[in-house]
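Here's the structure we're looking at; comments come further down.
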Amino acid sequence: MTAGIGSSFLYCLLFSVFQLFIVALSFAYFSKALTGTYMKSSITQIERRFDLSSTHIGLIDGSFEMGNLLFLAVVSHFGAKLHRPRLIAAGCFLMAVGAFLTGLTHFFMGRYKYDTVIQVFQNDNLSIAACVDPLKTLDLVPEIQIEDSGSSMWIYVFLGNALRGIGETPVTPLGISYIDDFARAENSPFYIACLQTITLLGPMFGFLLGSYCARLYVDIGYVDMGHLILSYLILSKDSRWVGAWWMGFLVSSGLLLISSIPFWFLPRSLPKQDGEENRETPVCEILNETEDAQNNNHNLKLTEIAKGFFPSLRRLLGTPAYFLLLCGSILKFNAFIGLLTFKAKYMEQQFGQSASRANFLIGVLNLPAVAIGIFLGGLLMKRYKLSVVSGAQLSFATSFMSYLLMLLQFGTKCDNIPIAGLTVSYNGTQGVLSSREMLFSECNRDCLCSAEEWDPVCSDSGITYISPCMAGCLSSSGHGKNTVFHNCTCVSTSFPAGSSTSVRLGQCPHAKDCSRSFTSYMAISVLSSFINALGATPGYMVIIRCITPELKSLALGIQTLVTRTLGGIPAPMYFGALIDSTCLKWSMKSCGGRGACRIYNSDMYRYSTEKFQFTLFEQICQKLLTSIIIVVKTFADLPQSISILYF
């Protein structure tokens, strides 16, 4: 009886340890997901702070996958034979260091400066004659603040993100394989679905944290009130606004550091969970077997482990189901990464939303829909015990429905904001104008304006001018962000006599019907996110179940490696290049180089990015449909004993 009580106690203890691993891994997933999505929510802020193009930002974002690429395959293979919890702990610690380095870059730089005519004049009683271009006046040069965003300091952000990618290497493949090795076969999909659902709280909080930090000025905390008031000459919707992007990285670094602690104290392995009918199996017997296995593994040399790597890789890639699904994952990851990286930026440029609001809406609308979809997908797998083929069919169905929803997104758009010399002529004629000479007109040709300026002002007619000088303004009233420019000659030439010739600071807002288009866009986006996520867990389990158990860690590692290499690294860069190709007005660095884009051609931006995503989804559906046909045929031709292994 004493032995029975002891066995029950040990069983409960081991089950509690397994539950502790699930909880610890969930928090680690939450923390790393929060950090990753916070990075994406801060893309616009980093782009403006370091004065970079979208292509450069794509390179920085892709550095995370570059770090993964260096060690992922090796860690996935060797990690399964070593102490997995401790490798996960080391990875979390390394991610914390990378996030801390990224945020620390802010303190290496000076205060954020941008060029604006208002910075030159701080006297309420002084009227600004913008048409004479005070930025060109020699006696005012000492007071001018020209934009200088830190030149090559973005390298530290690149390195910190790459270091975070290296640290993330052991967490996903080793964590999932640990669960699948020691959980009941029928419970494994549910555990993984729960894990992924909890993980999605990380992106939700990541985008919410990004929303909060984007509302705060970048230099908050160590600027005096005079500078702070000056900083708010630009509002959060201004293309020169930079939020406190660094703050979220310091917060996420602390979370990652805390998440690493429990894994240092967890055992290397656990007994496999048995069904109720096998509960009477002596636990001490299982423990002895586990201890013997650990001792044998400790005696293995790395050279002996390495000998099996390439044969294992050949076996893995020779599995038809795995190889075909891997091809589909590459295409899907390309579309997903390109969309997620620049989704907030798309909402800013296409619909006139601030970075803070865009991140907030993604966090409270899109990501909960994704979490529900992933959870229901795992529940479907558990409830109906879906096979490999059924899981692949569900994955295809959800991808095809997302493909159809992409068609609807082409109808949700906002027209270009009327900007004199860029999207309309000075007399109000519609049409995008790309010529540099078209920035000037007879009304401002004698004003000595600089074509490189971006200090937008808005007229009552709804036309934006790229600077008060370009609007031909001769006087002003007010102070700070309430400054109003008067007697603007370019405004008077565009509209009938008697209309207002004054302009106010800031870019004109989008038309009222744009808000309706944005509502439609968000509805389609949320529905598409849910449907896509519904097939995520079935697709994930197909990859795990279509291979032999000893290859599970390697399979997950290779999948992550290949998708991030061929999707995670190039996708942000070529999506960024597509976005850069639609830029109408670039900022200029103090050294004379091209900086960040200030305004885009909305129609070209929407067409180029959505058409490319549409093409990717079309290819995904074709690959998945071909996969199902080939896999079904393969399973039908296999002997029954082998077929059971794949299912």
Side-chain angles (χ1 to χ4, degrees), residues 17-18 20-36 63-100 160-183 188 191-192 195-196 198-199 202 252-253 255-270 294 297-298 300 302 305-306 308-309 312-313 316 540 543-544 549-565 568:
V17 171
F18 183 76
L20 177 61
F21 180 84
I22 295 289
V23 172
L25 190 64
S26 297
F27 185 68
Y29 269 46
F30 168 85
S31 301
K32 77 180 183 68
L34 182 147
T35 310
S63 64
F64 177 86
E65 277 72 32
M66 295 177 192
N68 261 262
L69 173 63
L70 293 175
F71 297 101
L72 187 58
V74 176
V75 169
S76 298
H77 180 68
F78 292 109
K81 300 172 175 62
L82 301 173
H83 199 300
R84 283 179 282 187
R86 289 183 183 173
L87 283 176
I88 294 173
C92 291
F93 177 77
L94 204 57
M95 285 192 289
V97 174
F100 183 75
N161 206 38
L163 191 61
R164 191 169 58 83
I166 295 172
E168 198 266 351
T169 301
V171 179
T172 299
L174 300 187
I176 294 294
S177 64
Y178 194 91
I179 291 174
D180 202 56
D181 282 347
F182 303 122
S188 183
Y191 284 139
I192 293 174
L195 179 66
Q196 291 180 332
I198 295 172
T199 300
S252 59
S253 176
L255 291 175
L256 287 166
L257 185 62
I258 294 172
S259 71
S260 68
I261 296 174
F263 293 103
W264 295 109
F265 306 100
L266 290 172
R268 178 173 178 169
S269 60
L270 293 169
Q294 289 183 9
N297 284 335
H298 280 304
L300 288 175
L302 289 178
I305 299 174
F309 178 74
S312 297
L313 186 62
L316 183 63
Y540 208 71
I543 293 176
I544 293 177
E550 65 270 15
L551 295 178
K552 274 186 288 194
S553 291
L554 182 61
L556 293 172
I558 291 297
Q559 186 215 16
T560 308
L561 170 67
V562 173
T563 52
R564 284 182 169 170
T565 302

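We find the CD-CG distance between E168 and L163 to be 12.5 Å, quoted to the nearest 0.5 Å. Between S253 atom OG and I258 atom CD1 the span is 10.0 Å, to the nearest 0.5 Å. From L87, atom CG reaches atom CZ of F263 across 11.5 Å, with rounding to the nearest 0.5 Å. Residue L316 holds its CG atom at 10.5 Å from CD of Q559, rounded to the nearest 0.5 Å. Rounding to the nearest 0.5 angstrom, the gap separating the CZ atom in R84 from the CG atom in L266 is 12.0 Å. Summarising the geometry, atom OG belonging to S260 is positioned 11.5 Å from atom CG belonging to L255; distances are rounded to the nearest 0.5 Å.
Considering all non-hydrogen atoms of both residues, G91 and P170 come closest at CA-CG, 4.1 Å. Minimum heavy-atom separation, F30 to G202: CD1-N, 3.3 Å. Considering all non-hydrogen atoms of both residues, V171 and C92 come closest at CG2-SG, 4.4 Å. When all heavy atoms of T35 and R164 are compared, the pair lying nearest together is CG2-CD, 3.4 Å. Of all heavy-atom pairs spanning F21 and P85, the tightest one is CE1-CG, 4.4 Å. Pairing each heavy atom of L256 with each of A99, the nearest pair is CD1-CB, 4.4 Å.
Evaluation of the side chain to side chain donor-acceptor pair (under 3.5 Å) rule for S63 yields N161 as partners, not counting sequence neighbours. In terms of the side-chain contact (heavy atoms from CB on, under 4.5 Å) criterion, residue partners of S26 (sequence neighbours excluded) are, by chain and number, I22, L195, I198.
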